[in-house]
Amino acid sequence: MSDFGLRSRTVLGGAGAAKVSWRAGLRGVVLAAFSLLAWIALPEAARASEGARPTTNGADTNKPVVVLVHGAWADGGSWSKVISRLQADGYTVVAPAIRMASLSDDIAATRKFITDLHAPVLLVGHSYGGAVITGAASGLTFVKGLVFLAAFAPDTGESVLALIAQFDSQFGPSRVGPVLRPDGPLDNPQTLIYLDRAQFGDVFAQDVDRERAAVLAAAQRPASAASFGEPLQVTPAWRQIRSWYQVSTQDRVIQPDGERSLAHRIGAETIEVDSSHASPVAHPEVIARIIEKAAQNSN
C-alpha cells in the first residue's frame with residue numbers, strides 16, 4: 001500500500017498519472033482535515049495537556065522531568081547552558097516563562113504547567129523563582145525534590161520583600177537597592193521594577209563576561225511590585241519535599257548569610273558556590289551537577 005492507502009502500481013505517464021496523483025493528493029487533504037477536526041473536538045483541557053508534555057528527545061524517562069523556573073531580571077534564556085548539559089546527560093528539561101505580575105499568579109501558572117506534564121518532576125528555582133516553586137509544589141506528591149539556587153524560600157505569610165528587609169536588618173543592606181529602577185510608585189502593585197542597565201553586570205552578574213552581562217541587562221524581565229510584596233498564601237512545599245540549596249558566596253543581590261539562613265530553616269542540603277547571584281549563567285556546569293545530584297537522590 002502507498003502512503004495514502006492506494007494500491008502500488010506502475011503508471012506509464014500521461015493522463016493516467018495525473019489522475020492517480022490527483023486522487024492521492026485529494027485523499028491526503030481529506031485525511032489531514034479529519035485529523036484536524038478530531039483534534040479540535042478534544043476537550044480544551046486535554047489539548048492543553050497534550051501540548052504541555054515535553055518532548056523527551058531520547059531522554060531517560062525513568063528520570064524526573066527537570067523544570068527550571070527563572071527569577072526576576074532574567075528569563076528562560078538564562079538557563080541555556082544548564083539545559084544543554086542536562087539534556088546531554090539524558091534529562092528531559094523544560095523552562096517555562098513566568099509573568100512576575102504577582103506571586104499568586106506565578107504560583108498558579110507554574111502549578112498548572114507541572115501538573116500538565118503528567119510525570120515526576122524536580123522543581124528548580126533561581127532567586128524569585130524559589131518563592132514560586134515553594135508555592136507551586138505545595139501538596140503535590142509527584143514533585144520529587146526542590147532545588148533553590150540563590151533563591152527566596154518564604155514561609156506562609158512571608159513575602160520576598162519581607163525577607164529582603166529581614167536580611168538587610170540582620171546582615172546589612174545588599175547592593176541591589178540603589179540600582180532598582182521602578183517605573184512608578186512602589187505602593188502601586190502594577191509598578192514594574194528594573195535594574196539599572198549600566199550597573200546590572202556589577203551587581204547581578206559580576207563574574208559573567210561583560211558582553212554577556214550587557215545582553216542580560218538589555219533583555220532583563222522586570223518584576224512587579226506585587227510579585228515582591230505579596231505574601232505566600234499556602235503551606236510551603238519545602239515542609240514536605242526534600243530540598244537542596246545552592247548559596248552564592250559572592251551574591252550582591254541577596255546576602256549570602258541570608259541564603260544560608262534560608263537553607264538552614266528549610267532543612268536543605270546546602271552547597272556553596274563561589275558565584276555571583278547569576279549562578280546558572282556564570283557556572284552552568286556546577287549548577288547542572290547540583291541539579292543532577294538532586295534528581296538522583298530525590299524520592
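None of these values were measured; they are calculated from a predicted model.
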Do [X] and [Y] make a side-chain contact, defined as non-hydrogen atoms from C-beta onward lying under 4.5 Å apart?
X      : Y      : value
Leu232 : Val234 : yes
Val94  : Phe113 : yes
Val281 : Leu216 : yes
Ser261 : Phe167 : yes
Val124 : Trp79  : yes
Lys144 : Pro120 : yes
Leu122 : Tyr91  : no
Val121 : Pro64  : no

Determine whether a donor-acceptor pair (N or O, by modelled atom type, separation under 3.5 Å) exists between the side chain of [X] and the backbone of [Y].
X      : Y      : result
Trp244 : Ile271 : no
Lys81  : Pro280 : no
Ser174 : Val253 : yes
Thr134 : Gly130 : yes
Ser243 : Ile241 : yes
Ser227 : Ser224 : yes
Arg252 : Asp202 : yes
Ser298 : Ala295 : yes

Give me the atom names and distance for the closest heavy-atom approach of [X] to [Y].
X      : Y      : result
Ala213 : Val208 : N-CG1, 3.9 Å
Val160 : Ala131 : CG2-CB, 4.0 Å
Pro185 : Thr191 : O-OG1, 2.6 Å
Asn188 : Ala225 : O-CB, 3.4 Å
Ile107 : Gly135 : CG2-C, 3.5 Å
Ile98  : His70  : N-NE2, 3.2 Å

Listed by chain and number, what are the side-chain contact (heavy atoms from CB on, under 4.5 Å) partners of Asp75, not counting sequence neighbours?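 Partners of Asp75 under the side-chain contact (heavy atoms from CB on, under 4.5 Å) test: Arg221.
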Nearest 0.5 angstrom please: [X] [atom1] to [Y] [atom2], how far?
X      : Y      : atom1 : atom2 : value
Arg242 : Ile266 : CZ    : CD1   : 12.5 Å
Ser138 : Gln240 : OG    : CD    : 6.0 Å
Lys293 : Ile290 : NZ    : CD1   : 8.5 Å
Leu149 : Ile291 : CG    : CD1   : 5.5 Å
Phe171 : Gln255 : CZ    : CD    : 7.5 Å
Asp106 : Tyr128 : CG    : OH    : 3.5 Å

Flag if over 12 foreign heavy atoms under 6.0 Å of [atom1], [X]:
X      : atom1 : result
Arg181 : CZ    : yes
Gln190 : CD    : no
Arg175 : CZ    : yes

Aromatic rings Tyr245 and Phe148: how do their planes relate, parallel, tilted or perpendicular, breaks at 30° and 60°?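 Geometry flag for Phe148 against Tyr245: parallel rings.
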Decide whether [X] and [Y] are clustered together by the hydrophobic rule: side chain heavy atoms of Ile, Leu, Val, Met, Phe, Trp, Tyr closer than 4.5 Å, transitively.
X      : Y      : result
Tyr194 : Leu186 : no
Leu192 : Met100 : no
Leu161 : Leu180 : no

Please evaluate residues Ile193 and Trp73 with respect to the criterion side-chain contact (heavy atoms from CB on, under 4.5 Å), reporting the C-alpha separation (whole Å), side-chain torsions for both, the decisive distance (0.1 Å), and the verdict. CA-CA 9 Å; Ile193 304 171; Trp73 311 304; 4.3 Å; yes
Is it the case that Glu269 and Asn297 place a side-chain donor and acceptor less than 3.5 Å from each other?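 Looking only at side-chain atoms, Asn297 and Glu269 do not form any donor-acceptor pair under 3.5 Å.
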Are a donor atom and an acceptor atom from the side chains of Glu230 and Ser104 found within less than 3.5 Å of each other?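 Ser104 and Glu230 do have a side-chain donor-acceptor pair below 3.5 Å.
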Answer yes or no: is there an ion pair linking [X] with [Y], defined by an N-O contact shorter than 4.0 Å?
X      : Y      : answer
Asp155 : Arg239 : yes
Glu259 : Arg265 : no
Asp257 : Arg260 : yes

Between Glu292 and Leu86, does a side-chain contact (heavy atoms from CB on, under 4.5 Å) hold up when you go through it step by step? CA-CA 8 Å; Glu292 290 187 9; Leu86 292 173; 3.5 Å; yes
Under the side-chain contact (heavy atoms from CB on, under 4.5 Å) criterion, do Leu103 and Phe228 qualify, and how do the steps go? CA-CA 7 Å; Leu103 179 60; Phe228 283 170; over 6 Å; no
Picking from Val66, Val69, Leu68, what satisfies side chain to side chain contact (heavy atoms under 4.5 Å, CB included) with Leu123?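 Checked Val66, Val69, Leu68 against Leu123; only one passes side chain to side chain contact (heavy atoms under 4.5 Å, CB included): Val69.
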With side-chain contact (heavy atoms from CB on, under 4.5 Å) as the criterion, how do Leu117 and Val67 come out once you've worked through the C-alpha distance, each side chain's angles and the decisive distance to 0.1 Å? CA-CA 10 Å; Leu117 294 176; Val67 179; 3.7 Å; yes
Can you list every pair that meets side chain to side chain donor-acceptor pair (under 3.5 Å) and has a residue in residues 274-285, with sequence neighbours left out?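 As it turns out, the side chain to side chain donor-acceptor pair (under 3.5 Å) pairs with a partner in residues 274-285, which skip direct neighbours, are Arg85-Glu285, Ser127-His277, Asp207-Ser276, Asp207-His283, Gln246-Ser279, Thr249-Asp274, Gln250-Asp274, Asp251-His277.
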